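Since the model is a prediction, treat every value here as computed from it, not as a measurement.
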Amino acid sequence: AEYMGVLKAEKAELLTRLHVAEGAAAQLNVALRDTAGAQALSDRVNKLVAENSALKSQWAAMRAELATRQSRLRDELGQELREHSLKQQSVYAQQLYSQLQTHSLALQRQQDEFREAILAQLSSQKDA
């Protein structure tokens, strides 16, 4: 009977240890799942950080390309404006030259008429 009491006590202690071990195993299982979840979350965060870094690099490259294009377009526009201004100045110079020629011909005609009038007057004074 005493032996049976010891066996029952050992059995109870083993059952208690088994329950404690099962509880610990369950907690360990939960911890492992939490660790796996945390690792998956960490992997996802790392992936997002890498994607963010790649997007930042792409954005910087696009901004640099846009700045280059803008600078080139500004230069081209400046050149076009200079060329347009030169064309306008050339047209204006041609107009002025044409007006100068017209005035020069008119002055030449007036000089010829004046010369003829003076010669006619001199001739009439000479005859008189």
Side-chain angles (χ1 to χ4, degrees):
E2 200 176 303
Y3 180 71
M4 284 300 270
V6 171
L7 284 179
K8 283 184 181 182
E10 284 182 10
K11 180 182 175 187
E13 185 181 333
L14 287 175
L15 284 175
T16 301
R17 284 186 182 176
L18 178 63
H19 287 315
V20 169
E22 285 175 346
Q27 288 177 345
L28 184 59
N29 196 17
V30 168
L32 286 175
R33 277 196 309 250
D34 288 347
T35 301
Q39 184 60 46
L41 184 59
S42 176
D43 291 345
R44 179 71 179 139
V45 167
N46 289 337
K47 182 181 177 186
L48 290 174
V49 166
E51 288 175 5
N52 187 39
S53 179
L55 288 173
K56 282 182 180 179
S57 295
Q58 288 176 347
W59 174 245
M62 288 173 69
R63 279 195 338 230
E65 182 180 345
L66 287 174
T68 300
R69 285 183 183 180
Q70 185 180 25
S71 177
R72 186 178 66 242
L73 288 174
R74 192 178 304 118
D75 292 346
E76 289 173 3
L77 180 60
Q79 181 63 30
E80 286 179 18
L81 288 173
R82 285 188 294 277
E83 289 173 4
H84 181 69
S85 177
L86 288 174
K87 285 178 185 176
Q88 283 182 327
Q89 289 174 4
S90 175
V91 167
Y92 181 65
Q94 287 173 352
Q95 289 172 346
L96 287 178
Y97 182 72
S98 177
Q99 289 176 2
L100 179 64
Q101 284 181 323
T102 302
H103 291 303
S104 179
L105 288 173
L107 284 174
Q108 185 68 40
R109 271 190 241 114
Q110 285 178 353
Q111 277 182 333
D112 291 344
E113 290 172 3
F114 186 66
R115 189 178 303 120
E116 287 176 15
I118 290 176
L119 287 175
Q121 191 177 20
L122 286 175
S123 176
S124 70
Q125 285 178 358
K126 197 179 200 185
D127 290 341

List, one per line, each side-chain donor-acceptor pair under 3.5 Å for residues 7-18, sequence neighbours excluded.
unit_1	atom_1	unit_2	atom_2	d
Glu13	OE2	Arg17	NE	3.4
Glu13	OE2	Arg17	NH2	2.8
Thr16	OG1	Ala12	O	2.8

Would you be so kind as to tabulate the donor-acceptor pairs closer than 3.5 Å made by side chains of residues 106-122, with sequence neighbours excluded?
unit_1	atom_1	unit_2	atom_2	d
Gln108	NE2	Asp112	OD1	3.4
Asp112	OD1	Arg115	NH1	3.2

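- Here the side chains of Thr68 and Glu65 are not in contact, with every heavy-atom distance at 4.5 Å or above.
- For the atom pair His103 NE2 and Ser98 OG, the distance stands at 9.5 Å (nearest 0.5 Å).
- A side-chain donor from one of Tyr97 and Gln101 sits under 3.5 Å from a side-chain acceptor of the other.
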Side-chain atoms of residues 39-50: list all donor-acceptor pairs with protein atoms under 3.5 Å, sequence neighbours left out, distances to 0.1 Å.
unit_1	atom_1	unit_2	atom_2	d
Gln39	NE2	Asp43	OD1	2.8
Asn46	ND2	Ser42	O	3.3

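- Of the inter-residue distances, the one linking Arg69 atom CZ with Glu76 atom CD reads 11.5 Å to the nearest 0.5 angstrom.
- Here the rule is side-chain contact (heavy atoms from CB on, under 4.5 Å) with Val91, and of Lys87, Gln95, Gln89 only Gln95 fits it.
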Quiz item: So His84 and Glu80, side-chain hydrogen bond (donor to acceptor under 3.5 Å, both in side chains) or not? Walk me through it.
Solution: CA-CA 6 Å; His84 181 69; Glu80 286 179 18; over 6 Å; no
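- Interatomic distance, CZ of Arg63 versus CD of Gln70, reported as 13.0 Å (0.5 Å rounding).
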